[in-house]
Amino acid sequence: MSGSSAGSTRSLCSHGLTINPLDLRNPLPPPRTCKKAAVWTTEEEGALLDFLASHLSQAGDGNFKKATWNAAAAHMAHNHPPGPDNGDKTAESCEQKFKALKKSYYAITNLKSVASGFAYDDEHGVMISLDNADLWDRYVKVMYQAHKDAKPFRNSGFPHFTSIKLLLPSHGQG
């Protein structure tokens with residue numbers, strides 16, 4: 001498939017137009033810069049969730065609007081400015097982080113169900129030992145499509161479970 005980006009290993013910010021510097025009719029474009037990715041700490045994730053909880057009334061249909069994400073980005077910039085190796089927490093990165101946290105929430109919900117066969121603890125995760133490692137591997141690999149988001153919780157908990165539960169429409173707005 002020509003023109004497809006599937007399987008490409010090139011950076012999107014490293015390739016620009018090739019211009020002959022001696023051709024004065026075609027000036028050189030400004031140098032390209034790559035934005036640093038936003039790296040989130042557990043504390044920053046909690047701050048975002050607290051902000052969203054304080055603006056829950058603005059999520060009438062269960063989804064936050066663009067204005068709320070812009071306000072969340074401003075809140076994060078003011079209260080948690082990025083470090084030298086960290087990108088800005090933009091409206092888009094705040095929304096993407098919330099989507100990722102919701103995926104984790106649903107993975108934990110599945111783990112907490114009796115049908116998963118695992119005992120889950122919010123602080124320690126599933127606490128997989130050598131005795132049940134094969135069962136865990138089958139859970140996240142063999143049934144990978146259904147349970148792939150559970151993989152990080154093998155031996156670590158998810159501190160935001162209750163906060164996210166309050167933000168979801170079936171729990172937070174009834």
Side-chain angles (χ1 to χ4, degrees), residues 12-13 34-129 132-133 135-174:
L12 294 177
C13 59
C34 293
K35 290 183 180 180
K36 292 180 181 175
V39 178
W40 293 79
T41 64
T42 303
E43 178 187 353
E44 290 169 333
E45 291 170 348
L48 174 64
L49 294 173
D50 289 345
F51 176 85
L52 294 175
S54 70
H55 291 79
L56 190 57
S57 63
Q58 297 171 1
D61 62 351
N63 295 310
F64 292 98
K65 308 295 183 232
K66 183 73 173 165
T68 305
W69 294 119
N70 288 332
H75 172 79
M76 295 305 296
H78 181 265
N79 294 306
H80 299 277
D85 295 329
N86 195 353
D88 292 330
K89 309 284 192 297
T90 63
E92 183 181 349
S93 67
C94 289
E95 185 175 7
Q96 293 303 315
K97 175 49 70 175
F98 183 60
K99 286 179 182 179
L101 290 170
K102 284 196 309 186
K103 272 185 159 182
S104 295
Y105 169 84
Y106 290 121
I108 298 301
T109 300
N110 286 334
L111 281 172
K112 286 184 171 188
S113 75
V114 176
S116 79
F118 296 104
Y120 175 83
D121 175 270
D122 284 333
E123 186 177 343
H124 300 102
V126 183
M127 296 180 283
I128 299 298
S129 64
N132 56 0
L135 182 61
W136 176 257
D137 289 342
R138 279 187 301 223
Y139 182 77
V140 296
K141 290 179 184 171
V142 174
M143 301 196 247
Y144 191 70
Q145 291 305 314
H147 303 291
K148 65 181 179 181
D149 297 324
K151 191 173 183 177
F153 306 107
R154 174 182 174 135
N155 288 318
S156 64
F158 184 61
H160 305 304
F161 185 85
T162 304
S163 298
I164 294 172
K165 183 177 183 178
L166 296 173
L167 292 171
L168 297 179
S170 61
H171 299 284
Q173 301 204 3

Visitor: Without swapping roles, check the side chain of K89 against the backbone of V39 for a donor-acceptor pair under 3.5 Å.
Guide: yes
Visitor: Quick check for you: to the nearest 0.5 Å, what is the distance between Q58 atom CD and T68 atom OG1?
Guide: 4.0 Å
Visitor: About how many Å separate CG of L166 and CG of D50, when rounded to the nearest 0.5 Å?
Guide: 10.5 Å
Visitor: Do L101 and Y105 have side chains that approach each other closer than 4.5 Å (heavy atoms only, starting at C-beta)?
Guide: no
Visitor: For T162, what residues pass the side chain to side chain contact (heavy atoms under 4.5 Å, CB included) criterion, not counting sequence neighbours?
Guide: none
Visitor: Take atom CD of Q96 as the centre, draw a 6.0 Å sphere, and report whether it contains more than 12 heavy atoms from other residues, nucleotides or ligands.
Guide: yes
Visitor: Please report the shortest heavy-atom distance between T90 and A73, naming the atom on each side.
Guide: C-CB, 3.5 Å
Visitor: Can you measure from CD (E95) to OG (S93) and round to the nearest 0.5 angstrom?
Guide: 10.0 Å
Visitor: Taking all atoms of both residues into account, what is the closest heavy-atom pair of H80 and E43, and its distance?
Guide: CE1-OE2, 3.7 Å
Visitor: Of all heavy-atom pairs between K102 and L168, which one has the smallest distance, and what is that distance?
Guide: CD-CD2, 3.5 Å
Visitor: Quick one: pull up OG in S163 and CG in L52 and give me the separation to the nearest 0.5 Å.
Guide: 10.5 Å
Visitor: Give me the atom names and distance for the closest heavy-atom approach of P82 to G87.
Guide: CB-O, 3.5 Å
Visitor: Looking only at heavy atoms, what is the nearest atom pair of M76 and L48, with distance?
Guide: SD-N, 4.0 Å
Visitor: Of all heavy-atom pairs between A91 and N70, which one has the smallest distance, and what is that distance?
Guide: CB-OD1, 3.2 Å
Visitor: For a side-chain hydrogen bond (donor to acceptor under 3.5 Å, both in side chains) with K97, tell me which candidate from E92, E44, E45 qualifies.
Guide: E45
Visitor: What residues form a ring-ring contact (aromatic ring centres under 6.0 Å, His included) with W69, not counting sequence neighbours?
Guide: F64, F98
